[in-house]
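Since we're looking at a predicted model, the values are computed, not measured. Each ligand, and each atom within it, is numbered from 1 in the order the structure gives.
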Amino acid sequence: MIDSRRMTEHFLKLVRIDSLSKKERAVALELQKELEALGARVEFDQAGEAVGGEIGNLIARLPGTDPSRPPMLLSAHMDTVVPGEGIRPVVEGDRIRSDGTTILGGDDKSGIAIIMEVLRTLKDQKIPHGEIEVVFTICEEFGLVGAKNLDISKLKSKQGLVLDCDNVGFLFTRSPSSDRLEFKVHGLEAHAGVCPEQGISAIQIASEAISRMKLGRIDFETTANIGIIQGGSATNIVPNYVYVKAESRSHSEEKLAAQTAHMRECFQKAAEKYSVEVKGKKITGRVEEKIWRDYDRMHVADSSPIVRSVLEAAKKLSFRVETKATGGGCDANVFNQKGITVANLGTGMHNIHTVKEWLSIAEATQAAEIVLETVRQFS
Ligand SMILES: [Zn+2]
């Protein structure tokens, strides 16, 4: 049913339009034009202003041809990671890759191409469907802030799909909650050669804290990572400041709370150990911390209408689809948090966020067939 060649051509066109996070305007306007040509009403929300980007989330409504069916949401994100400018896609048999100097942008333009091909097929083949709400978000790769700033009151759908993960055949229905942690370590500046005993090294405090910290894979459902560390200005200065940014994730709220508390404690304890006396006054290392919830976990029941529809669609097409848990977070977490039940279906993109990224045309076509059949099944 799906026109694989047309979808591939469209995908190649989309990846040639640069769209780093906050710079999605060109691709958004192209998609607006294409959606309007299909008979959809298109608008942009205020998320672009909220995040300092070029344009907001694209919200399109394709009227249903069968009013007895409930509306359904289909979503993918328009932005890509770096290096993502001047992408020159190369087609080799079933594989589309970049020329090796950039990412491909299959994350997530494969999701967009699949959704657009499904809409085209519905129209061309006059397949009955309910109203379809399409949301192409901005800034997914920039902390999901497009989806976070999405005005959900504009949507009627209660169920839907995000197309933003790798293997076709995977339907991600569970993903973790995530905390972000920011630590500002304050030491005391001193000349490193003349009077180091009058200084407190913020680098030493941070190193000690991090070396005592449980990081990486904590258990089967919990992870933690220090992602950024910055500090110091010269070798002859005892550094008085280090900035550290970290994250923790878990499918279990209790384990997440414990991991986040553990990371905070490592910093506080390390800071307390370092002190100097200057002019009769005791000065101790100090850590300022900022901790916030990045996103809440996603837990979509296998019995929800959207999951049932996808599984039935796959069965009808004789494709294997299984529900899965992932350690990653995506727009689907935010949709679920906002009250729309959304699962995340694989598109056939591989090695994402690297210059070795590639897309399987066969897998993307299969994903499109599944989405098309899901729209037909959904009731
Ligand atoms: Zn993505």
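Contact record, Ala301 with Val307: O-CG2, 3.6 Å, taken as the closest heavy-atom pair. Minimum heavy-atom separation, Cys195 to Ala190: O-CB, 3.5 Å.
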So Tyr243 and Glu182, side-chain hydrogen bond (donor to acceptor under 3.5 Å, both in side chains) or not? Walk me through it.
CA-CA 8 Å; Tyr243 173 84; Glu182 207 176 61; 2.6 Å; yes
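Looking at Ser19, its side chain does come within 3.5 Å of a backbone N or O of Met78 through a donor-acceptor pair.
Of all N, O or S atoms in Asp107, the one lying closest to the Zn ion (ligand 1) is OD1. The nearest N/O/S atom of His77 to the Zn ion (ligand 1) is NE2. Take the N/O/S atoms of Asp164: the one nearest the Zn ion (ligand 1) is OD1.
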